[in-house]
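See below for the structure under consideration.
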Amino acid sequence: GGPSGRVANDRGGSGGTTTVEFDSLAGRVLSARDSISGTIRNCAGGPTPWGTWLTCEESNEFHDAPHGYIFEVPANGSGDPTPLRDMGRFSHEAVAVDPATGFVYETEDAGNSSGFYRFVPHVDGNLAAGGQLFMLKVRGRERVNLGASYANGTAFAVEWVPVLTPDNPAQASPGNFVWAQGRAQGAATFPPLEG
């Protein structure tokens with residue numbers, strides 16, 4: 001169906017997150033509430049060092065609004081239904097935040113056209129303030145397929161190419177336009193990055 005919560009990104013989206021507070025000593029649920037809704041196919045996502053959760057849409061569909069974004073959900077209260085557009089619109093899987101730099105690493109689950117991304121925020125700990133998205137490239141080599149078979153322990157020197165247009169909110173937007181920008185600069189490709 002449609003979104004069940006009061007904090008909805010898109011009335012046509014049927015996904016979302018639920019925040020559950022659990023007392024592990026007593027073994028019981030203390031509270032459960034919707035924290036964001038109106039999204040599509042929320043996937044792995046990941047925690048931040050500042051105590052929030054980044055929920056990722058594993059979709060780039062369009063209903064009443066575009067999808068394929070990351071949203072930030074606080075541990076307490078409701079999330080902001082505004083997508084973090086500078087982090088890219090694509091079929092997201094998971095994220096990991098480097099606590100030393102504040103950089104956010106993002107995986108894509110889009111078949112054999114998946115990239116590995118790094119988001120550098122303008123303000124550490126404030127993703128809504130925007131930033132720059134980059135895609136991983138093997139240094140000195142063009143369009144390497146890192147989904148191919150390599151011996152255990154194989155290492156690659158890498159660099160990061162900028163994704164100049166991380167968001168395209170158009171209804172008819174091609175699903176891999178972020179990946180295609182990186183590939184045009186020689187970035188590496190992966191099979192679906194599940195984690």
Side-chain angles (χ1 to χ4, degrees), residues 1-110 114-133 166-169 175 178 192-195:
S4 59
R6 63 195 177 287
V7 183
N9 168 57
D10 172 10
R11 289 287 165 202
S14 59
T17 61
T18 302
T19 301
V20 179
E21 185 178 2
F22 185 78
D23 183 336
S24 58
L25 295 176
R28 62 184 179 90
V29 173
L30 300 176
S31 68
R33 64 195 173 283
D34 65 293
S35 41
I36 194 169
S37 68
T39 55
I40 293 181
R41 206 173 305 117
N42 296 69
C43 209
T48 68
W50 50 90
T52 63
W53 184 264
L54 298 177
T55 184
C56 298
E57 289 184 302
E58 187 185 333
S59 169
N60 52 18
E61 299 172 28
F62 191 102
H63 287 267
D64 293 337
H67 292 273
Y69 297 111
I70 295 175
F71 299 83
E72 190 163 12
V73 180
N76 297 311
S78 296
D80 185 345
T82 306
L84 299 169
R85 295 182 184 277
D86 281 0
M87 297 183 81
R89 179 183 177 204
F90 54 87
S91 186
H92 288 87
E93 177 74 24
V95 297
V97 182
D98 180 347
T101 63
F103 296 172
V104 182
Y105 294 89
E106 307 175 33
T107 61
E108 183 174 20
D109 187 356
S114 295
F116 185 67
Y117 303 90
R118 179 174 75 179
F119 178 73
V120 179
H122 292 315
V123 179
D124 189 17
N126 182 357
L127 303 177
Q132 177 65 54
L133 186 65
D167 181 28
N168 182 344
V178 171
L193 291 171
E194 290 279 355

Side-chain contact, heavy-atom cut-off 4.5 Å: [X] with [Y]?
X    : Y    : value
L193 : Y117 : no
T52  : L127 : no
T107 : F116 : yes
W50  : V97  : yes
L133 : R85  : no

Interatomic spacing from NE2 in H92 to CD in E108 - rounded to 0.5 Å: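 So the NE2 of H92 and the CD of E108 are separated by 8.0 Å.
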
Atom CD in Q132, atom NE2 in H122: separation rounded to 0.5 Å?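 Going from the CD atom of Q132 to the NE2 atom of H122 covers 7.5 Å.
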
Does [Y] offer a backbone N or O that forms a donor-acceptor pair with the side chain of [X] under 3.5 Å?
X   : Y    : value
S91 : D109 : yes
E57 : Y69  : yes
R89 : G68  : no
E93 : E194 : no

So, for [X] and [Y], which heavy atoms are closest and what is the spacing to 0.1 Å?
X    : Y    : result
F71  : D80  : CD2-O, 3.9 Å
G131 : D86  : N-OD2, 3.0 Å
T101 : D124 : O-OD1, 4.2 Å
V178 : P166 : CG2-O, 3.5 Å
G45  : C56  : CA-SG, 3.6 Å
G16  : T39  : N-OG1, 3.1 Å

The test is side chain to side chain contact (heavy atoms under 4.5 Å, CB included); show your working for F90 and N60 and say whether it passes. CA-CA 6 Å; F90 54 87; N60 52 18; 5.7 Å; no

How about N126: does its CG atom have over 12 heavy atoms from other parts shown lying under 6.0 Å from it?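 Atom CG in N126 is crowded, with more than 12 foreign heavy atoms closer than 6.0 Å.
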
Report the residues that fulfil ring-ring contact (aromatic ring centres under 6.0 Å, His included) with F119, sequence neighbours left out, ordered by chain and then residue number.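 Checked F119 against ring-ring contact (aromatic ring centres under 6.0 Å, His included); zero matches.
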
Can you sort out the partners of T55 under side-chain hydrogen bond (donor to acceptor under 3.5 Å, both in side chains), two or more places apart, ordered by chain and number?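 With sequence neighbours excluded, T55 shows a side-chain hydrogen bond (donor to acceptor under 3.5 Å, both in side chains) to N42, given in chain and number order.
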
